[in-house]
Amino acid sequence: MERLFENNLFARVLSVLLAFMLWLILRSETPPGGERVAVPPLTETVEREFRGLDIRPELHDTSVAIVSIPTKADVVLRGPRVAVSGVLRESLRVVAPLHGLGPGRHEVSLVLEGVPVGVEGEVVPERVEVVLDKVVEQEFPVNVEILGNAKPYVLDVRPDPSRIVVRGAESLIARVAIVKAFLTLDAPKPPESTYTARLTAYDTQGKDLSVAILPAQVKIRVALAEAYGEVPLRPQVRGSPRDGFAVADVTVSPQRVRILGGEQAVRGVSELVLPPVDVSNAQDSVHRSVQILLPAGVQQVIPQTATVTVRLVPAEDRRIELPLEVRDVPEDAEFRWSDRFDGKVAVTLRGAPSVLDGVTPTSIRAYVSLADIPADGSAHEVLVHVDLGNLMWVNVVQVTPDRVGVILTSGQISASPPAP
C-alpha cells in the first residue's frame with residue numbers, strides 16, 4: 001500500500017477521483033441559482049401515506065360467512081427517512097381479524113402487518129363494522145339460457161347435473177331467485193353437442209350474488225333441429241253464449257309461435273289451428289289456456305301453450321235488406337217469381353255491435369235453390385237461405401219472407417227475372 005502511494009501516477013488519479021466526488025456532492029446541494037440548501041439527514045422523522053390498501057378479512061370458521069365489510073383502508077407510516085422510504089406497498093397488509101365472532105354486527109380493529117422495525121404505522125380507519133351471518137345450503141335447479149345465432153334451432157337443453165347446491169350467508173341464500181348458465185352458440189351446431197358453462201346465482205333484480213355454487217360448472221347437452229319457422233295461431237270457438245250475449249272478438253297470446261323440426265315439415269306449415277274453446281251458455285268473457293298440437297314432422301313448438309280470450313258482450317239485432325239470388329236453375333228452364341214478390345228479403349242478424357257494424361249488403365247473400373223444382377209452370381214455395389260468408393259470431397234471427405213462390409217453365413233461361 002505504501003508503495004502505491006509512493007507511485008506518482010496513482011496519487012494523481014486518486015486526487016482526480018476525490019475532486020470529482022466532492023464536485024458531485026456540492027452540485028447536488030447547490031441549486032442552479034447558486035443558493036445552498038440543506039440536505040435532510042437520513043435519520044430525520046418523516047410521514048408517508050399509502051392510500052386504498054385492500055382489507056384482508058381473516059375468518060377460519062366455515063359455519064359463518066361475511067355479509068359486508070369495507071374493502072379499502074389508508075395507511076400512514078412514521079419513522080426515519082431511510083426506513084420509511086424503503087417500504088414497498090406490496091409488503092404492507094391490512095388485516096381484519098374475525099376469529100371467534102358469530103352471526104351479527106361487529107366492530108373490528110384493523111391490524112397492520114409488514115411494518116419495518118423502528119417505523120410506526122397507523123390504519124385509517126382504525127376500526128370497521130363487519131356483518132356476519134350463519135352459513136346455510138339450499139338446492140336449486142339449473143337454468144340454461146342459449147345465446148347466439150343458433151338459438152332459434154334449439155330443440156332441447158339438458159344440464160348435468162340438473163340441480164346444484166348453493167352455499168353462503170343465510171341472508172344471501174334467501175335472495176337467490178335463479179341459478180343460471182349462459183351458453184353462446186354463434187352458428188348452428190351438429191344435431192347434438194355437449195358444452196361446459198359456469199353457473200351464477202341471481203336475485204329477482206338480476207344482480208349476481210356472492211355465494212358458493214357446488215359444482216361451479218355444469219355440462220350442457222344441446223340438441224338442435226334442422227330448420228325452424230314462425231307461424232300464426234288460429235283460435236277456434238265452439239258453442240253459443242247464453243241468450244242475449246254474443247262473441248265480440250277472439251284473441252290469442254302469443255299470436256305467433258316458433259316451430260322446429262325437419263326442413264320439409266317446417267316449410268309445409270303456414271298456421272297452427274288451436275283446439276276450440278267452448279263458450280256454451282257463457283255470459284262473461286272466457287279465458288282458456290290450450291295446448292298447441294304438433295303437426296306431423298314438427299318436433300317442437302315454442303311456447304307449447306297459448307291463451308285464448310273470447311270476449312262476450314250484450315247482443316244486438318240488426319236488420320238488413322238483401323236482393324234474393326237464384327241458384328241451381330235447371331238447364332233449358334226459365335223462372336219467375338209468384339205472388340207479386342219484388343226479389344228482396346229482409347234479414348235480421350244478431351251479434352256483437354262491433355261485429356254487426358262491419359256487415360254490408362255485399363258481405364252476406366240471400367238465395368234460393370231451384371235444383372229440385374220441376375219446370376211444370378206451377379208455383380212452388382222454396383226456402384230462403386242466408387250465406388254469411390266469412391262473417392263469424394253472427395246468427396240469423398229472422399228472414400222476411402222466409403219462403404217465396406217460384407214458377408219454372410221450359411224454355412230459354414232469362415238473363416233476369418221477368419216482372420210479375
Side-chain angles (χ1 to χ4, degrees), residues 232 234-250 270-271 273-274 276-282 310-420:
R234 180 157 62 89
Q236 297 186 97
V237 176
R238 180 176 59 199
S240 299
R242 181 175 297 183
D243 288 344
F245 293 88
V247 176
D249 55 56
V250 179
S270 59
E271 67 174 6
V273 180
L274 297 176
V277 173
D278 193 355
V279 296
S280 298
N281 207 35
V310 183
R311 187 166 65 94
L312 302 182
V313 297
E316 287 186 3
D317 290 349
R318 192 76 54 88
R319 183 183 173 94
I320 185 170
E321 192 174 77
L322 300 173
L324 187 59
E325 298 179 2
V326 179
R327 300 180 182 179
D328 307 318
V329 180
E331 292 185 6
D332 299 327
E334 60 181 19
F335 79 93
R336 60 187 175 88
W337 306 119
S338 65
D339 301 330
R340 298 184 179 275
F341 177 61
D342 63 356
K344 295 181 179 180
V345 295
V347 178
T348 301
L349 303 176
R350 179 170 296 167
S354 59
V355 177
L356 294 175
D357 288 341
V359 178
T360 65
T362 59
S363 61
I364 62 175
R365 295 178 181 276
Y367 69 94
V368 291
S369 174
L370 306 184
D372 298 324
I373 304 300
D376 56 4
S378 301
H380 299 273
E381 272 198 352
V382 291
L383 183 66
V384 177
H385 301 275
V386 177
D387 183 359
L388 296 177
N390 296 325
L391 192 62
M392 301 176 64
W393 313 312
V394 170
N395 296 320
V396 177
V397 178
Q398 186 178 21
V399 179
T400 306
D402 62 343
R403 291 177 177 272
V404 295
V406 174
I407 299 173
L408 273 181
T409 57
S410 298
Q412 189 65 29
I413 303 176
S414 302
S416 60

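Here, residue 1 is the first one in the sequence, and each next residue gets the next number.
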Worksheet item: Going from NE2 on His380 to CG on Asp372, what distance comes out if it is rounded to the nearest 0.5 angstrom?
Response: 11.5 Å

Worksheet, complete the sentence: Shortest non-hydrogen pair, Gly239 vs Val279, comes out as O-CG2, 3.6 Å

Worksheet, complete the sentence: For Val382 and Ser369, the nearest pair of non-hydrogen atoms, with its separation, is CG1-O, 4.2 Å

Response to the item:
Between Arg311 and Asp249, the two heavy atoms sitting closest are NH2-OD2, 2.6 Å

Worksheet item: Are any non-hydrogen side-chain atoms of Pro353 and Val313 less than 4.5 angstrom apart?
Response: yes

Fill in: Contact summary for Ser410 and Ala375, nearest pair of heavy atoms
OG-O, 3.8 Å

Worksheet, complete the sentence: CG of Leu324 to NZ of Lys344, rounded to nearest 0.5 Å, is 12.0 Å

Worksheet item: Any side-chain heavy atom of Leu388 sitting closer than 4.5 Å to one from Leu349?
Response: yes

Worksheet entry | Point-to-point distance, once rounded to the nearest 0.5 Å, from CZ of Arg327 to CG of Leu370 | 11.5 Å

Worksheet item: Atom CD1 in Ile364, atom CG in Leu322: separation rounded to 0.5 Å?
Response: 4.5 Å

Fill in: Value rounded to 0.5 Å, distance of OG1 in Thr400 from CD in Glu321
11.0 Å

Discussion item. Please tell me whether Asp317 and Thr348 have a donor and an acceptor in their side chains that are separated by less than 3.5 angstrom.
Written reply: no

Practice prompt. Determine yes or no for a side-chain-to-main-chain donor-acceptor pair under 3.5 angstrom, with Gln236 supplying the side chain and Leu274 the backbone.
Written response: yes

Worksheet item: CG of Asp342: more than 12 outside heavy atoms within 6.0 angstrom?
Response: yes

Worksheet item: Any side-chain heavy atom of Trp337 sitting closer than 4.5 Å to one from Val326?
Response: yes

Worksheet entry | From Asp387 atom CG to Glu325 atom CD, the distance as rounded to the nearest 0.5 Å | 8.5 Å

Worksheet item: More than 12 heavy atoms of other residues, nucleotides or ligands under 6.0 Å from CZ of Arg350: is that the case?
Response: no

Worksheet item: If we only count heavy atoms from C-beta on, is the Val345 to Pro401 side-chain gap below 4.5 Å?
Response: yes

Item to complete: Measure the shortest side-chain to side-chain distance between Trp393 and Val250 over non-hydrogen atoms and say whether it is less than 4.5 angstrom.
Response: yes

Discussion item. Give me the atom names and distance for the closest heavy-atom approach of Val329 to Phe335.
Written reply: CG2-CD2, 4.4 Å

Worksheet item: Tell me, do Arg318 and Val359 make a side-chain contact under 4.5 Å, heavy atoms counted?
Response: no

Discussion item. For a quick test of reading the model, state the closest non-hydrogen atom pair linking Pro241 to Leu312 and the distance between them.
Written reply: CG-CD2, 3.8 Å

